[in-house]
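The block underneath contains the structure these notes are about, expressed in structure tokens.
One-based numbering, in listed order, for ligands and for the atoms of each. On a predicted model such as this, the values are computed, not experimentally measured, just so you know.
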Amino acid sequence: MKRIKVAPSMMCADFLNLGKQIETMEAKAIDYLHIHIMDGHYVPNFTLGPDFCRSLAEATKIPLDIHLMIENPDSYIPIFAAFGSPALYLHPETSYHPLRSLQLIRSRGARPGIALDPSMPIDTIRPLLPYVDFVCVMTVNPGYAGQKLIPHTINKIKKLAGIVAEERLSIEIEVDGNVSWQNIPLMIEAGARILVAGSSSLFQSASPLQANIERLFTLIGRGGECT
Ligand code: DX5
């Protein structure tokens with residue numbers, strides 16, 4: 001089975017202790033830092049912005065995994081694409097011309113990804129799949145941490161994984177939302193290869209970040225990397 005990658009959801013991080021948390025993530029071979037950009041329009045919440053991305057890009061070599069939950073993404077793609085060739089995701093329904101927006105991401109040196117709302121069927125993005133490196137299947141409604149998995153989304157991961165294999169596409173499937181200790185095996189079994197880990201696992205307040213990272217790495221068969 002392909003190596004499962006881990007992308008901590010930075011909106012769930014301890015902002016008063018961020019430097020120390022980044023050190024812990026670097027020491028533990030974390031793969032990406034997942035950053036939700038919310039504009040209060042596409043989703044009814046506000047989170048992080050360009051300055052936060054810049055500080056992270058300057059502070060660490062861990063690649064950024066930037067998730068645009070915003071309207072009118074084309075205006076902001078050049079800004080976010082500049083932070084070290086990140087993975088840059090958009091929700092296709094936020095763009096008048098999703099293919100043009102994905103091509104804009106690639107032309108700016110970033111790696112394009114599609115983020116799929118739970119209500120959006122896989123078939124709507126099928127024509128776009130040859131143009132992206134990633135697809136993020138949202139397993140909760142976008143906007144807030146602490147929500148419960150929406151059950152039908154597991155079948156969406158399975159369907160997408162089938163299409164990716166059938167069409168031999170080089171796409172990594174990411175999941176975002178209630179990536180919990182119980183749901184992780186289901187999500188991997190369905191075909192997820194990148195886990196956006198938030199308050200349901202890595203940032204669970206019951207235990208320190210380091211212990212949660214070790215528990216997650218053991219669960220996904222990478223325990224040996226945590227010694
Ligand atoms: C939803 C958020 C959450 C968050 C992860 O828009 O994107 O997915 O990062 O946190 P939990 O684990 O609380 O779902």
Starting from [atom], which protein heavy atom do you reach first, and at what distance in Å?
| atom | result |
| --- | --- |
| atom 8 (O) of ligand 1 | Asp176 OD1, 2.6 Å |
| atom 13 (O) of ligand 1 | Ser199 OG, 2.3 Å |
| atom 14 (O) of ligand 1 | Asn178 N, 2.7 Å |
| atom 12 (O) of ligand 1 | Ser200 OG, 2.7 Å |

Under a 4.0 angstrom heavy-atom cut-off, which atoms of ligand 1 come close to [X]?
| X | result |
| --- | --- |
| Gly177 | 8 (O), 14 (O) |
| Gly143 | 1 (C), 6 (O) |
| Tyr144 | 1 (C), 2 (C), 3 (C), 6 (O) |
| Pro142 | 6 (O) |

**OP:** For ligand 1, note which part of His36 has a heavy atom under 4.0 Å away: side chain, backbone, both or neither.
**Re:**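 Near ligand 1, His36 shows its side chain, while the N, CA, C and O stay back.
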
Original post:
For ligand 1, does Phe203 get within less than 4.0 Å through its side chain, its backbone, both, or neither, judged by non-hydrogen atoms?
Top reply: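 For Phe203, no heavy atom sits under 4.0 Å from ligand 1.
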
**OP:** Among Tyr32, Phe80, Phe83, find the residue that satisfies the side-chain contact (heavy atoms from CB on, under 4.5 Å) test when tested with Leu64.
**Re:**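 By the side-chain contact (heavy atoms from CB on, under 4.5 Å) criterion, Leu64 pairs with just one of Tyr32, Phe80, Phe83: Phe83.
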
Original post:
Taking Pro86 as the fixed residue, which of Leu33, Ile66, Asp65 is the one that meets the side-chain contact (heavy atoms from CB on, under 4.5 Å) rule?
Top reply: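 The residue from Leu33, Ile66, Asp65 that satisfies side-chain contact (heavy atoms from CB on, under 4.5 Å) with Pro86 turns out to be Ile66.
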
Subject >> Glu167 bridged to Arg126 by N-O distance under 4.0 Å >> reply: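 Judged by the 4.0 Å cut-off on N to carboxylate O distance, Glu167 and Arg126 do form a salt bridge.
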
Subject >> ligand 1 to Gly146 polar contact by distance, N or O atoms, under 3.5 Å >> reply: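 Yes, at least one N or O pair falls under 3.5 Å.
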
**OP:** Pick whichever of Ser9, Gly198, Pro8 has a heavy atom sitting closest to atom 4 (C) of ligand 1.
**Re:**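 Nearest option to atom 4 (C) of ligand 1, by heavy atoms: Ser9.
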
Original post:
Is it the case that one hydrophobic cluster holds both Tyr96 and Met69, taking links as side-chain heavy atoms less than 4.5 Å apart, direct or via other members?
Top reply: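 No, no single cluster joins them.
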
**OP:** For the pair His91 and His67, name the ring-plane relationship: parallel under 30°, tilted 30 to 60°, perpendicular over 60°.
**Re:**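 His91 and His67: parallel rings.
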
**OP:** Compare every heavy atom of Val179 with every heavy atom of Val196, then report the nearest pair and how far apart it is.
**Re:**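 That closest heavy-atom pairing would be O-CG2, 3.1 Å.
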
Subject >> By side-chain hydrogen bond (donor to acceptor under 3.5 Å, both in side chains) - contacts of Asn72 (at least two apart) >> reply: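 Partners of Asn72 under the side-chain hydrogen bond (donor to acceptor under 3.5 Å, both in side chains) test: Ser75.
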
Original post:
Between atom CG of Leu90 and atom OG of Ser101, what is the distance when rounded to the nearest 0.5 Å?
Top reply: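 If I round to the nearest 0.5 Å, the distance is 5.5 Å.
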
**OP:** Evaluate the side chain to side chain donor-acceptor pair (under 3.5 Å) criterion for residues Ser199 and Gln204: first the C-alpha distance (whole Å), next the side-chain angles of each, then the deciding distance (0.1 Å), finally the verdict.
**Re:** CA-CA 5 Å; Ser199 67; Gln204 243 178 12; over 6 Å; no

Original post:
Are any of the heavy atoms in Met69 under 4.0 Å away from ligand 1?
Top reply: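 Met69: in contact with ligand 1 (<4.0 Å).
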
